[in-house]
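Data block below; observations after.
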Amino acid sequence: MDRAVTPRLRRPAWAGRNYTLLTAAAVVTNLGSHGALIAAAFAVLDAGGDGGDVGLVAMARTIPLVVFLLIGGAVADRLPRHHVMVAANILNCLSQAAFAVLVLAGEPQLWQMMLLTALGGTGQAFFSPAAEGMLLSSVTGDQASRAFALFRMAMHGAAIGGAALGGALIAAIGPGWVLAVDAVAFALAGGLRAFLRVADVPERAPGGGMLADLRDGWREVIGRPWLWTIVVQFSVVVAVIGAAEAVYGPLVARDSLGGAAPWGLALSAFGVGTIAGAFLMMRWKPRRLLLAGSLCVFPLALPSAALAVPVQLPLLAAAMFVSGVAIEVFGVSWMTALHQEIPEDKFSRVSAYDWFGSVSLVPLATALAGPAETAFGRGTALWGCAVLVVLMTAAVLCVPDVRRLTRRTEEKVAGSSGPAGTDASADAEGAARRLG
């Protein structure tokens with residue numbers, strides 16, 4: 001009986017040591033950080049701040065994230081990635097611990113909360129490119145999609161649980177203790193990441209300095225039309241969706257849906273959709289990666305359109321659920337394409353440009369959301385968000401490389417001379433196999 005059961009308990013062959021540690025650490029940090037985001041807002045309000053002050057603290061986190069992302073990508077491709085990740089976790093742990101002490105001691109000042117939040121954003125700027133580069137190099141080519149889908153499903157599940165647990169803990173024991181829990185979560189995750197094994201990673205040739213590394217990463221991006229066009233697309237898509245959901249969504253919920261509770265249910269439907277989408281991508285391997293992924297960007301316009309009408313909660317929740325499924329189909333396809341096409345030693349720099357494109361316009365879009373509503377009306381502004389998503393996606397589908405980039409099996413990658421990046425991706429997957 002034991003022999004029959006034991007194989008079922010073993011992790012899959014593609015879930016190697018590094019992948020397992022990365023996934024476990026991501027679950028721990030998402031459980032803590034999503035509750036902490038809510039706690040930070042309530043800490044500001046409990047200190048006598050208003051909605052504008054909450055926005056200032058959020059902005060304080062975003063600005064260093066945008067400023068340091070590209071530098072973080074270059075550093076992560078120059079130094080051992082797990083060292084960068086652990087150092088970033090230590091910075092996040094210390095900044096959140098100080099934030100917790102400040103709140104628990106009473107009378108925190110706005111500038112103090114902004115400073116500590118900015119330190120957290122700086123840590124995230126260095127962590128994200130290193131983490132994505134480490135994840136991309138931790139799985140084998142033939143099972144990359146399944147591995148990325150499971151990783152994203154674990155992250156989204158932890159995010160949903162963390163937000164729910166954080167909200168309950170804030171009500172029970174206050175925001176300061178939730179921030180302290182997040183500091184502990186960063187410490188635990190940093191400890192897990194310290195055990196990542198990098199002995200088999202090929203040594204990287206010394207670069208010509210930080211600026212040279214950034215130029216090298218830029219050449220990797222700009223030399224692939226499918227890559228830079230999708231980065232540009234998502235700089236707009238993420239910005240307008242962020243404005244719609246962060247600014248207009250709560251207002252529509254207040255005026256037409258009955259308040260914060262229905263809006264929370266709609267956001268929960270999106271979270272459930274992301275888990276369902278990740279589960280789908282563990283089984284489905286579309287041959288044309290970016291064609292399938294880009295077609296699934298169109299449904300991201302549905303929530304903005306639903307808010308523009310506005311529809312009742314069941315239809316809004318359905319729109320959010322569909323968009324959650326769709327973004328996971330794109331996300332897994334995108335990560336698989338990067339894994340297949342980008343050289344291993346440039347993963348983090350390319351990831352940094354990708355992240356930079358995704359977050360760079362968000363502060364501007366959220367800042368302009370209010371004036372746009374005043375000038376054009378809320379409904380028109382929301383329809384504008386939906387139309388921009390559709391137009392940017394249609395434009396990307398006009399790029400031949402987006403439509404033609406094809407999933408390659410491990411055997412084909414090793415000996416083919418397909419689209420740009422094929423030879424480099426063979427080297428990258430060889431490194432990934434050694435790591436796995």
Side-chain angles (χ1 to χ4, degrees), residues 62-81 84-85 88 121-122 124-137 201-239 289-290 293-294 330-331 333-364 392 395-396 398-402 404-405 418-429 431-432:
T62 304
I63 289 176
L65 183 61
V66 173
V67 170
F68 292 112
L69 259 174
L70 297 182
I71 297 173
V75 168
D77 276 339
R78 177 176 288 266
L79 301 177
R81 292 187 181 115
V84 178
M85 295 166 69
T122 302
Q124 186 68 26
F126 284 86
F127 173 83
S128 295
E132 188 156 316
M134 197 74 196
L135 178 66
L136 289 172
S137 65
V201 176
E203 291 189 9
R204 297 162 192 155
M210 183 70 67
L211 291 178
D213 286 350
L214 290 174
R215 286 195 297 269
D216 195 23
W218 173 251
R219 285 193 292 269
E220 289 292 329
V221 174
I222 205 67
R224 294 173 167 85
W226 61 268
L227 179 53
W228 69 261
T229 53
I230 289 180
V231 169
V232 171
Q233 172 201 16
F234 265 78
S235 68
V236 176
V237 169
V238 171
L289 286 165
L290 295 182
S294 295
F330 171 82
S333 299
W334 177 246
M335 291 185 73
T336 305
L338 292 178
H339 176 268
Q340 176 177 287
E341 300 294 329
I342 304 301
E344 189 276 338
D345 63 331
K346 297 181 176 63
F347 276 163
S348 292
R349 273 169 284 179
V350 171
S351 174
Y353 280 105
D354 181 21
W355 272 84
F356 182 81
S358 295
V359 303
S360 59
L361 294 183
V362 171
L364 178 63
M392 294 300 294
V396 159
C398 294
V399 178
D401 285 355
V402 172
R404 296 172 185 168
L405 193 144
T422 299
D423 295 335
S425 65
D427 292 338
E429 291 188 359

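If you read the sequence from its start, that first residue is 1, and numbering goes on from there. Note that the structure is predicted; figures quoted are calculated from it, not measured.
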Q | Worked verdict on Val238 versus Val362 for side chain to side chain contact (heavy atoms under 4.5 Å, CB included) | A | CA-CA 7 Å; Val238 171; Val362 171; 3.8 Å; yes

**Q.** Test ring pair (Phe, Tyr, Trp, His ring centres under 6.0 Å) applied to Trp355 - qualifying residues, sequence neighbours left out
**A.**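 Result, ring pair (Phe, Tyr, Trp, His ring centres under 6.0 Å) vs Trp355: none returned.
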
Q: Look at the side chain of Ser351 and the backbone N and O of Phe347, then say whether any donor-acceptor pair between them is shorter than 3.5 Å.
A: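 No; judged by distance alone, with no hydrogens or angles, the pair does not exist.
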
Q) Between the main-chain N or O of Pro129 and the side-chain N or O of Ser348, is there a donor-acceptor pair closer than 3.5 Å? A) yes

For the residue pair [X] and [Y], what are the closest heavy atoms and their distance?
{"X": "Ala76", "Y": "Arg81", "value": "O-CG, 3.1 Å"}
{"X": "Phe356", "Y": "Leu70", "value": "CB-CD2, 4.0 Å"}
{"X": "Pro225", "Y": "Val399", "value": "CB-CG1, 4.1 Å"}
{"X": "Ser294", "Y": "Phe330", "value": "N-CD1, 4.2 Å"}
{"X": "Leu290", "Y": "Ala337", "value": "CD2-CB, 4.0 Å"}
{"X": "Ala352", "Y": "Leu69", "value": "CB-O, 3.4 Å"}

Q) Should Glu341 and Leu405 be marked as a side chain to side chain contact (heavy atoms under 4.5 Å, CB included) after you check the CA-CA gap, both sets of side-chain angles, and the distance that decides it? A) CA-CA 10 Å; Glu341 300 294 329; Leu405 193 144; 3.9 Å; yes

Q.
Looking at Arg224 and Asp401, is there a salt bridge between them, counting it only when a charged N and a carboxylate O are closer than 4.0 Å?
A. no

Q) Any side-chain heavy atom of Leu227 within less than 4.5 Å of one from Leu338? A) yes

Q) Is there a side-chain contact between Arg219 and Asp216 (heavy atoms, below 4.5 Å)? A)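 Yes; the side chains approach each other to less than 4.5 Å.
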
Q.
Walk me through whether Met392 and Val232 qualify under side chain to side chain contact (heavy atoms under 4.5 Å, CB included).
A. CA-CA 9 Å; Met392 294 300 294; Val232 171; 4.3 Å; yes

Q.
So, taking the atom named CZ in Phe126 and the one named CG in Leu65, what distance separates them when rounded to the nearest 0.5 Å?
A.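 Phe126 CZ to Leu65 CG: 11.0 Å, rounded to 0.5 Å.
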
Q: Measure the CE-CG distance between Met85 and Leu79 for me, rounded to the nearest 0.5 Å.
A: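 That separation rounds to 13.5 Å.
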
Q: Run the ring-centre check on Trp226 versus Trp334 and record whether the distance is less than 6.0 Å.
A: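 Yes, ring centres under 6.0 Å apart.
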
Q) Should Val231 and Tyr353 be marked as a side chain to side chain contact (heavy atoms under 4.5 Å, CB included) after you check the CA-CA gap, both sets of side-chain angles, and the distance that decides it? A) CA-CA 8 Å; Val231 169; Tyr353 280 105; 5.7 Å; no

